[in-house]
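Working notes, structure below.
Chain naming here is simple, since letters A, B, ... match the order of the sequence lines and numbering starts at 1 in each. Computed from a prediction, not measured in an experiment: that's the story for all the values here.
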Amino acid sequence: MFPSINEQLDVIRSGAIEIIPEEELIKKLEKSIKTNKQLIIKLGCDPSKPDLHIGHAVVLGKLRQFQDLGHKAILIIGDFTAMIGDPSGKNKTRPPLTLDETRINGQTYLEQATKILREDNLEVRYNSEWLNKMNFNDVIGLAAKYTVAQMLERDDFSKRYGSGQPISLHELLYPLAQAMDSVVIDSDVELGGTDQKFNLIVGREIQKAYNKEPQCILTMPILEGTDGVEKMSKSLNNYIALTDPPKEMFGKTMSIPDDLIVRYFRYAARANEKEVIELEKGLKSGEIHPRNAKVQTAKRIIELYYNKEEADKAEEEFQKIFVNKDIPNEIDEKILSFDEPVQPLMDVLVSSGLMPSKKEAKRKIEEGGVYIDGERASDPFIKVDLSTKKLFKVGKKTFLYLKNNA
RNA sequence: GGGUAGGUACCGAAGCGGUUAAACGGGGCAGACUGUAAAUCUGCUGGGCUCAGCCCUACGGAGGUUCGAAUCCUUCCCUGCCCA
């Protein structure tokens, strides 16, 4: 029923940063094979930001591998914990969300996550189901199982504490809440990014405190964002969303710094180890041009979430617009409804949504960032005739046909 | 509860009565260049208008002093640190 331990371990280890403790995982696997019972693999997610990106996909992909091995994935939608807001990586307390908001976000999350996960061997649980029921007594009982010093071991807590940044008490409760999830679902393995290591270990400790068999933890790397410096995150706007259209995925991948190519090829494009080594060698020897390596990576990523045709199309578009400075194949068209078809350029830019304000429009025109039918418009006060369709280009990548219907 | 230091634009951080839509850095946007939506360099970065000028809004909130306040006073809210 299950593959052999070594086969399973090969899959499990690939791409993983740490497995703690590995011996225990082996024992769990042995037992699973012997009793023919699935292991319970937990992945918690924070639905406060429902835009999933290819950084999240790294750990989701690992969960998928466990599913493929025959184990049971439990995806915890942290609708309750999202109200607290995991302080991880943040130096500031987050604004709390309501349970309703997190529920809606959770649904969105799920829609995106199932692009990667399979529907069988999958169970979805919302942690408000048990956390919302705990009363103050329960919370005290839980909090009594961990100490302040242990909690302050967490890197970002100690950093914030040390530098005089505020830490609200409820933030200290976050790892405990997440740990409670593990207690309730009896997880055997919990997955997470390396930044989750602390929380995952707390889960293990708390399970023990509740006389449960402790979970093993497996951490996956945190993928850098397209800027190549910070981790990929929505708030830093350096992410490639799973729902990004193909040409966005392509362009964003092309914009990563060269030294990130191999990491993206491995983790974002999910190339196998052999391919990764080949690419690495080619880049080093100069046989493979970094540009082409990026093209290949970008196309592989698009193939994961769309298909080959879309990948080819995205490449073609990119070539067209950015290399040949041509216009894209498909351009949106917007009909405006001024009383008169002849309007000042600034007004046209604002009411079409191309510019947020007239001041901004004026600036961009003066900077030479606005083109009408291929001609650079340099006078912000000119009027344009929209009785016929005109092509507007703002900056390098925004194209829009505009026409007035009156 | 006492003491003390703070709260400035998207973020960090100057300014401490007028010349301040607010230095500087980051971010963002635009331009040049490029294999690239990279790097680098340059410019811009609250809004409106009858647009080289004028007007509104803005330095935690509310009042006040002053010809004039981010800057001074009163009060309230929030945060760090020390002491209890």
Side-chain angles (χ1 to χ4, degrees), chain A residues 87 89-95 157-171 224-241 244-265 282-283 286-299 301-302 314-328 343-347 349-351 353-371 375-383 392-399:
Chain A
K90 302 274 170 191
N91 292 320
K92 269 190 185 168
T93 310
R94 278 194 209 161
F157 283 149
S158 57
K159 268 193 196 134
R160 280 163 69 186
Y161 191 67
S163 67
Q165 299 273 317
I167 303 172
S168 298
L169 269 179
H170 75 281
E171 295 184 71
E224 291 84 351
T226 51
D227 60 347
V229 183
E230 303 285 349
K231 72 173 190 177
M232 184 173 286
S233 99
K234 192 183 175 189
S235 49
L236 293 171
N237 197 26
N238 60 1
Y239 67 108
I240 301 177
D244 270 343
K247 58 179 181 182
E248 285 287 307
M249 287 186 171
F250 196 94
K252 286 179 179 177
T253 307
M254 291 304 285
S255 79
I256 63 170
D258 289 357
D259 53 12
L260 222 63
I261 296 173
V262 174
R263 265 179 91 75
Y264 266 58
F265 192 59
L283 280 173
E287 257 170 76
I288 299 177
H289 193 289
R291 197 199 94 97
N292 295 334
K294 283 198 214 176
V295 169
Q296 194 192 347
T297 305
K299 289 177 77 175
I301 292 171
I302 297 167
E315 181 188 10
E316 200 185 306
E317 282 277 292
F318 189 86
Q319 181 72 21
K320 212 168 173 217
I321 301 167
F322 298 108
V323 182
N324 302 337
K325 311 274 184 230
D326 204 346
I327 61 167
Q343 289 294 328
L345 176 56
M346 285 195 290
D347 290 293
L349 292 174
V350 173
S351 44
L354 286 169
M355 287 290 170
S357 71
K358 288 197 187 183
K359 272 266 197 270
E360 177 76 4
K362 187 183 175 190
R363 264 182 240 125
K364 288 297 165 276
I365 295 164
E366 284 169 349
E367 285 166 6
V370 176
Y371 293 78
E375 293 280 318
R376 178 175 271 171
S378 46
D379 178 3
F381 295 100
I382 55 157
K383 297 193 168 185
F392 285 77
K393 181 189 176 199
V394 177
K396 281 177 199 157
K397 41 188 172 171
T398 310
F399 295 85

Distance check, [atom1] atoms only: [N] and [M], in whole angstrom units.
N: B:A70; M: B:C83; atom1: C1'; value: 33 Å
N: B:G18; M: B:G63; atom1: P; value: 24 Å
N: B:C72; M: B:G17; atom1: C1'; value: 8 Å
N: B:C24; M: B:G46; atom1: P; value: 13 Å
N: B:G15; M: B:A9; atom1: P; value: 16 Å
N: B:G26; M: B:C44; atom1: P; value: 15 Å
N: B:G43; M: B:C59; atom1: C1'; value: 26 Å
N: B:A14; M: B:G7; atom1: C1'; value: 15 Å

Length of the [atom1]-[atom2] vector between [X] and [N], whole Å:
X: A:E316; N: B:U36; atom1: CD; atom2: C1'; value: 18 Å
X: A:Q319; N: B:A37; atom1: CD; atom2: P; value: 11 Å
X: A:N238; N: B:A38; atom1: CG; atom2: C1'; value: 14 Å
X: A:M249; N: B:U36; atom1: CE; atom2: P; value: 23 Å
X: A:D259; N: B:A39; atom1: CG; atom2: P; value: 11 Å
X: A:F322; N: B:A32; atom1: CZ; atom2: P; value: 14 Å
X: A:E230; N: B:C11; atom1: CD; atom2: P; value: 16 Å
X: A:K383; N: B:U50; atom1: NZ; atom2: C1'; value: 12 Å

Counting heavy atoms from C-beta on, name the nucleotide in [options] closest to the side chain of [X].
X: A:S255; options: B:G43, B:C49, B:A37; answer: B:A37
X: A:E248; options: B:G48, B:U36, B:A37; answer: B:A37
X: A:M254; options: B:G48, B:U36, B:C44; answer: B:U36
X: A:K359; options: B:G47, B:G35, B:A30; answer: B:G47
X: A:Y371; options: B:G31, B:U36, B:A30; answer: B:G31
X: A:H289; options: B:G80, B:C51, B:G35; answer: B:G35
X: A:P257; options: B:G35, B:U79, B:A38; answer: B:A38

At less than 4.0 Å, is any side-chain N or O atom of [X] found next to OP1 or OP2 of [N]? Yes or no.
X: A:S357; N: B:G47; answer: yes
X: A:R363; N: B:C51; answer: no
X: A:K294; N: B:A38; answer: no

Point to revise | NZ (A:K247) with more than 12 external heavy atoms under 6.0 Å | key: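 Incorrect, the count does not exceed 12.
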Which is true for [X] with a 4.0 Å heavy-atom rule: it touches a base, it touches only sugar-phosphate, or it touches nothing?
X: A:G251; answer: base
X: A:K393; answer: nothing
X: A:K362; answer: base
X: A:F381; answer: base
X: A:M355; answer: nothing

What is the base-pairing partner of [N], counting Watson-Crick and G-U wobble geometry with both distances under 3.5 Å?
N: B:G68; result: none
N: B:G27; result: B:U45
N: B:G80; result: B:U4

Review point. Between the base of B:U34 and the side chain of A:K325, is there a donor-acceptor distance below 3.5 Å?
Key: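 Checked by distance alone, the answer is yes.
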Review point. Should the pair A:K397 and A:F322 be classed as cation-pi, given the thresholds of under 6.0 Å to the six-membered ring centre and 45° from the axis?
Key: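 Output no; distance or angle outside limits.
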Exercise for review: Flag the pair A:E316 and A:K320 as a salt bridge only when some basic side-chain nitrogen lies within less than 4.0 angstrom of an acidic carboxylate oxygen.
Suggested key: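 Answer for the salt bridge query: no.
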Review point. If you find the nucleotide of RNA chain B closest to A:D347 and the one closest to A:K252, which residue's nucleotide is nearer the 5' end?
Key: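 With A:D347 and A:K252 compared, the 5'-side residue is A:K252.
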Check your understanding: Which residue, A:R376 or A:D258, contacts RNA chain B at a nucleotide closer to its 5' end, judged by nearest heavy atom?
Key ->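 Final value for this comparison: A:R376.
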Practice item. Evaluate the side-chain proximity of A:Q296 to A:F265: yes if any heavy-atom separation is below 4.5 Å, no if none is. Key: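 Yes, at least one pair of side-chain atoms sits under 4.5 Å.
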